[in-house]
Amino acid sequence: MLYNEPSPLEVKILTRRFGLANSESLDTYLATDGYKAFFKAMEMTPEQIIEEVKISALRGRGGAGFPAGMKWSFVPRTSPKPKYIIINADESEPGTCKDRLLMENDPHQLIEGILIAGRAVDSHKGYMYIRGEYRYLIEAMDRAIAEAYSRGYLGKNIQGTGFDFDLYTHSGAGAYECGEETALLDSIEGKRGVPRMKPPFPAVVGAWQAPTLINNVETFSAVPAIIRDGGAAFAALGPPKNGGTRLVCLSGHINKPGVYELPVGFNLLRMIYEVGGGMRNGKKLKAVVPGGSSCPILKAEECDISMDFDTLAKAKSMLGSGGTVILDEDTCMVKFAQRIMKFYAHESCGWCIPCREGTAWLKKMLDRFHSGAGLKSDIPMIGELSKNMLGRTFCPLGDAAAMPTIAIVEKFPADFEAHLNGKPCPYQHAAELAMA
Amino acid sequence: MSDLIHLTIDGKAVTAAPGTLVINAAKQVGIEVPSFCYYDGLTLQAACRMCLVEVEKTPKLQVGCTLPVAEGMVVHTDSPQVHEARRGTLEFLLTNHPLDCPVCDKGGECELQDMTFRYGMGESRFLEQKQHVDEQQWSPVVFYDKPRCILCYRCVRICDEGMGVKALGVGNRGSVSIIEPNHFDHLECDECGMCIDICPVGALTSGTYRYKTRPWEMKHVGTICTHCADGCKTTLGVRNNEIIRGNNRDRSGINGEFLCIKGRYAADFVNSPERLQSPMIRRNGRLEPVSWSVALAAAASKLKDVKARNGQFAVIGSNHTSNEENYYLQKFARQVLGTNNIDHHRTGDIATLLDALSGKKEALATTADLYDCKAILVVSSDLSQQHPFLAFQIRANYRHHDAHVYTVTPGPVREQSIAVRSVISVPGSELADVESLRDQLGKEPELVILFGDAIKGDAIRELVAWGDSLGIPVKYVCLVDYSNSRGASDMGLSPDAGPGYRQVSTPGLAYDEILAATNLDVVWVVGANPLKHTSLAAQNAFVIVQDLFMTETASRADILFPAASAYEKHGTVTNVCGEVQRLKGGVQVMGAKPDLEIFGLLSKEMGVNLGMWSADKVLEEIRHNVHGYNIPLPILATGGAAQTAPVNGRVPVSSRPELIQSARDTLFTSGTLGRYCKKLNSTLEAPGALYSEPRP
């Protein structure tokens, strides 16, 4: 079980069973309020369930932060076509490592959340799209699903409620783009993982042309608590319109990296110093990536901020997927930009020109720049090329590559200028020291 | 009937039907919105991002090729933001695109070149290393250069959706994405070349056209393909009197941009070294070259002699010659030689169909009907092999309008993949199998039935009666095989019918009877090879032959005239659906003369006046005298297709169904002409047969 020491500042709702012996077993789940929400939901109407989720102000935990209740209400329940639920377990946003823990440590919570969603949108079939790199987790999930089937918590007439539901796992094959919901749909249908035009939206025309609800693992995992204890209680944990807790993946140059369940709206500096144990080796804070590499970076002086969707959007960044990476004064921001651009260039699906060629060009440019062969004119050009991708691509991957790059160049121009004229990277020496 | 939408584009008021895409609405008022991946007729992609336009009240630029018009929409395609977006996108595209213009075949007709000049930057800011992968040859006619590829996926879509062959796919991802052929490193497909012509850049190039010329050095001649009966327009690229290529990228004619391998590549027979280039006379048992005047004089003299002693003539006409030539020939035979022993290799029983349709209006389908009709029934034909354009139309109809397709064929056909019902029939059971579809077909609002040579004679009458019994409007296409098979029949190359199916007083000998008759004095064969597998029973007959090559029949000739192909002359031809189109000569082969000219010179030599032998003059006569051919000249003159009016009355038919025989050509064979097409023969794909299982 890969899991860090919990912090006393956590509000453990989704992670309450983490650390328990056999936390992944159905018996443990049942002994700790498991399936109470499901039975309660079976007594509610679909409209009531959706209303409760809306009240909870639960926003998508995959990265986009779209209000979950609203998304559920878009699925045309009365359509004669079968409705599908897709669980997005593709977790590929750099810095994010929470869904793996939820699947490994508390799979039944996720299954219960899926069942409740099934009731809400009249779906009886769910597919978990799990990234291929999580080979061992697919097996773990399969075991949990088999356990649920054998004990009557999946399949026909679940626990005598008359509700049927079938759940399957499906393996991805190493593409970040397949975390994008429409590319995921194409992938699960057996095609190349290339995004689709929207509209129509997946809620209406999704998997196999049928209405489909797609949400992140953490989003579904929050649903049992919302139904069991009421949406209002969940909403109250965070600022208005940003309800509940979220699993924050604190990583980087801190003393206690790990996954911590904190209320939405928790202050970022407190996260670093009180939850994360402060900066490692007594170094100074330089920058923070708030929610995965696609989110524009925050300078140290911008980090006294409430970590909720709306506040970060106002600060021209994003709360994203919760992958909070803390960087200290010895970090070369050029190398950082180079490394994430390498990721985006590799992961670009190639469908549209700006992302395909833009990320490739920027990667080559940043490689050259970091190696010392950069020109002064490159610095504004990095921003210009990124702006040529921004808003012009077919799917948000282009934006995800452009926005952080623009932010890094604008906020850390000194790092870039330090690499000009063949000078070696000033942080190279420091990095070597840190390693020693 | 829904209301029209009103919007404004660059300050101009535009009215468009609901569902019209902004890119097309802009075209209505002459505004070009550039695009690469958008292609009319193929699925929308929004992949290239060239067509981004500004729409008021929306923050981001919008995709012009997928955005439908909305009432009151205000669009700007000329704003600074749009210009910047286009420049940026082109700059990205040109980072890995090699500067191959000097050596790239597409130069001069390249969409990327055009876009860059119009919307791009003058210099590139790219300082990095361009990605390079070597060029690949996928087949004798298809080359793929990955660095030039802009990944617009037009080729993949045209092969998959348009042709139904699905031989191209996309591999890898990101900027190393690549188009891949269906057999790892080579293509096994129809070799139609659609992918090459639809490619906006020089990524896919033609193996037969490579490095030969620049587009502006060629004379472009729009004419009709001389192979199958579909009547596709092909634009020949001619330089120095040589046909270098054929394509239809300007999407003119009934076929849009469709052409099969024959329309595109099978023109090299014209310049084959084996072309007959001099008249020949048999002396001492051997054919010897002579001058035109000698040959004409000898032929005329023979004809006059035989006529004077009331000898027996027979004429076998061609499936390839123009309407004017066919009309003139039967006039020559009937008026000058006084014989009705005229026939040609009949590949479809047109006469019986027209007779069976007597009294009906609008019972003959056009190629446009195949695209519009809600239900199509194909009986006994492998359309993808024998009528590739008709197959393309039907497939487009299915894709765009969800047409219901039904097939009754003796083996697997490609149309099965889009059919509602498919029946495999055994010879003789076709009509019974058609009857088995009655329930479903009866529910269709309308129907077009295409039938091959398995349905002939009385079977056609039964089929028409069956069509009547459905109680819905039914149109028919009698499938014939060669470029002017329909014209041969319509112009009266028949023993019992004159032009327009006029009754003749005394029917003459039919095709088989001509070959079997022992008392013939003169047999005149024009553009046909009846002696390929048989010999003339009349061993002493004097044989006059007009042809392009030394065929088996030509080697039997006593006088042989070198004839010109359809690519070398003017005239008209009638396609399988009865649409008349204009031929335009593009090259001249030294020594060969159009058949019409040979007829005329012969008539002059004989001292008879059949009228001037120019194609225009003969066409005038046809328009006045031949039932159904009073077609509007402006349509023909502008390269359009004019539908002939069906006879709509009884047609004299001496039913000889055993004479009806399809040529059974595939995509890679084309009778005599195909034998001399080096390119066609070099691309012969397995299986190259009709009704074969789909390739793996």
Side-chain angles (χ1 to χ4, degrees), chain A residues 173-178 183 191-199 342-369 373-375 377-378 380-382 384-399 401-402, chain B residues 35-37 43-54 58-63 65-68 81-82 84-97 112 115 121 124-131 149-153 156 169-180:
Chain A
Y176 168 68
E177 177 63 16
C178 288
K191 305 178 196 153
R192 280 170 65 83
V194 152
R196 298 176 180 178
M197 278 192 283
K198 293 194 275 203
K342 178 176 169 185
F343 172 77
Y344 291 112
H346 180 69
E347 296 292 343
S348 170
C349 75
W351 180 246
C352 73
I353 293 176
C355 170
R356 173 179 87 221
E357 308 293 344
T359 54
W361 187 354
L362 281 166
K363 175 205 178 281
K364 288 183 183 164
M365 194 183 241
L366 286 164
D367 280 349
R368 174 171 58 81
F369 198 90
L375 303 170
S377 54
D378 286 337
M381 198 148 98
I382 292 171
E384 256 181 73
L385 293 181
S386 303
K387 290 207 183 85
N388 275 343
M389 281 202 291
L390 200 57
R392 307 227 191 112
T393 54
F394 191 90
C395 87
L397 196 154
D399 300 330
Chain B
S35 67
F36 289 117
C37 69
T43 50
L44 301 177
Q45 296 202 151
C48 70
R49 317 310 278 182
M50 270 309 285
C51 65
L52 294 176
V53 292
E54 208 178 304
T58 39
K60 272 168 44 161
L61 291 175
Q62 297 298 305
V63 177
C65 73
T66 55
L67 184 66
Q81 209 191 351
V82 171
E84 203 188 302
R86 289 176 186 169
R87 250 201 315 270
T89 305
L90 279 170
E91 189 182 21
F92 280 140
L93 200 48
L94 289 167
T95 55
N96 281 316
H97 191 91
L112 182 57
M115 298 290 170
M121 315 173 102
S124 172
R125 300 184 291 176
F126 186 74
L127 299 174
E128 328 299 332
Q129 184 93 328
K130 284 187 193 264
Q131 272 160 9
C149 179
I150 61 170
L151 293 166
C152 66
Y153 315 114
V156 177
V170 190
N172 298 342
R173 74 170 180 224
S175 61
V176 295
S177 295
I178 196 168
I179 307 295
E180 290 180 337

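First the proteins, then the strands, lettered A, B, ... as listed; each starts at 1.
- Contacts between A/Ala373 and chain B at a heavy-atom distance below 4.5 Å are absent for every atom of the residue.
- Judged as a side-chain contact (heavy atoms from CB on, under 4.5 Å), and not counting sequence neighbours, the contacts of B/Leu94 are B/His97, B/Leu112, B/Thr116.
- A distance-only check finds no donor-acceptor pair linking the side chain of A/Arg356 to the backbone of B/Val176 [under 3.5 Å].
- By the side-chain contact (heavy atoms from CB on, under 4.5 Å) test, B/Met121 is found to be paired with B/Arg87, B/Glu91, B/Arg125, residues two or more places apart in sequence or in another chain being considered.
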Could you give me the CA-CA distance, side-chain angles and deciding distance for A/Val194 and B/Val170, then say whether side chain to side chain contact (heavy atoms under 4.5 Å, CB included) is met? CA-CA 11 Å; A/Val194 152; B/Val170 190; over 6 Å; no
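- Listed options A/Ser377, A/Gly391, A/Ala360 were ranked by heavy-atom pairs under 4.5 angstrom with chain B; first place goes to A/Gly391.
- Here A/Cys352 is the residue among A/Pro195, A/Cys352, A/Ala345 with the most heavy-atom pairs under 4.5 Å with chain B.
- Contact of B/Gln129 with chain A is made through the backbone alone, with heavy-atom distances under 4.5 Å.
- In terms of heavy-atom proximity, B/Thr89 sits nearest to A/Ile353 at O-CG2, 3.8 Å.
- Looking at A/Leu385, both its backbone and its side chain come within 4.5 Å of chain B, counting heavy atoms on both sides.
- B/Ser177 is listed as a side-chain neighbour of A/Arg192, based on a closest heavy-atom distance under 4.5 Å.
- Both the backbone and the side chain of B/Leu93 have a heavy atom closer than 4.5 Å to some heavy atom of chain A.
- Of the atoms belonging to A/Glu177, not a single heavy atom falls under 4.5 Å from chain B.
- In terms of non-hydrogen atom pairs under 4.5 Å with chain A, the most contact-rich of B/Cys48, B/Gly88, B/Pro59 is B/Cys48.
- Interatomic distance, CE of A/Met365 versus OG1 of B/Thr95, reported as 11.0 Å (0.5 Å rounding).
- With a 4.5 angstrom heavy-atom cutoff, A/Arg392 touches chain B via backbone and side-chain atoms both.
- Going from atom OG1 of B/Thr66 over to atom CE of A/Met197 covers 5.5 Å, rounded to the nearest 0.5 Å.
- Between chain A and the residues B/Glu84, B/Lys60, B/Arg173, B/Met50, the largest count of heavy-atom pairs under 4.5 Å involves B/Arg173.
- Atom CE of A/Met389 is separated from atom CZ of B/Arg49 by 13.0 Å, given to the nearest 0.5 angstrom.
- Heavy atoms only, all atoms of each residue included: B/Tyr153 and A/Gly350 are closest at OH-O, 3.0 Å.
- For chain B, the nearby part of A/Thr393 is the backbone; its heavy atoms alone come within less than 4.5 Å.
- The two residues B/Gln131 and A/Lys364 come nearest to each other via the heavy atoms CG-NZ, 3.9 Å.
- Ranked by heavy-atom pairs under 4.5 Å with chain A, the list B/Leu61, B/Leu151, B/Ile150 is led by B/Leu151.
- Nearest heavy-atom pair, A/Pro354 versus B/Phe92, reported as atom, atom and distance to 0.1 Å: CA-CD1, 3.7 Å.
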